[in-house]
Undergrad: 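Handing you a structure now.
Below, all heavy atoms of this structure are taken into account, side chains as well, without hydrogens, waters or symmetry copies.
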Amino acid sequence: MNLFVQEIPASELAPKTIQETPAPGQDPLIARGLQKEQYAGIIGLAIALIAAVGFFSRRVEYAIALALFISVIFIALFLFV
């Protein structure tokens, strides 16, 4: 069996060269400053979901709203105590 052997060119960097990573605040892959818009969107989606469910059944709407209210209280309690 005759296999063609091709030489792999050496990389531009020496094997023992250490590359410096950029400063943490300058990473272009991390979206900064979008958290407020994301929270507003999530809250808007939750309100729309409750309104859509409430259109069909008031009891289910009240149950979901009560569950969300109690969840927020418990989350605040466990985070700040």
Side-chain angles (χ1 to χ4, degrees):
M1 192 187 263
N2 189 3
L3 297 176
F4 179 75
V5 177
Q6 180 182 5
E7 296 227 1
I8 299 174
S11 68
E12 296 175 3
L13 300 174
K16 294 183 180 180
T17 302
I18 298 174
Q19 293 182 350
E20 184 177 337
T21 58
Q26 300 174 355
D27 192 357
L29 298 177
I30 297 175
R32 303 212 184 266
L34 295 177
Q35 291 180 348
K36 291 178 185 175
E37 290 85 2
Q38 289 173 348
Y39 288 140
I42 290 170
I43 290 170
L45 219 88
I47 291 172
L49 177 68
I50 291 173
V53 169
F55 180 73
F56 296 109
S57 173
R58 284 281 176 207
R59 280 188 177 173
V60 176
E61 178 186 12
Y62 292 148
I64 291 173
L66 181 67
L68 285 174
F69 181 70
I70 292 173
S71 297
V72 168
I73 290 175
F74 279 133
I75 289 171
L77 179 71
F78 288 129
L79 283 179
F80 297 116
V81 175

Undergrad: Nearest 0.5 Å, please: how far is CD1 in I70 from CD1 in I73?
TA: 7.0 Å

Undergrad: Between atom CD1 of I50 and atom CG of L68, what is the distance when rounded to the nearest 0.5 Å?
TA: 4.5 Å

Undergrad: L66 and F74: same hydrophobic cluster, using ILVMFWY side-chain contacts below 4.5 Å?
TA: yes

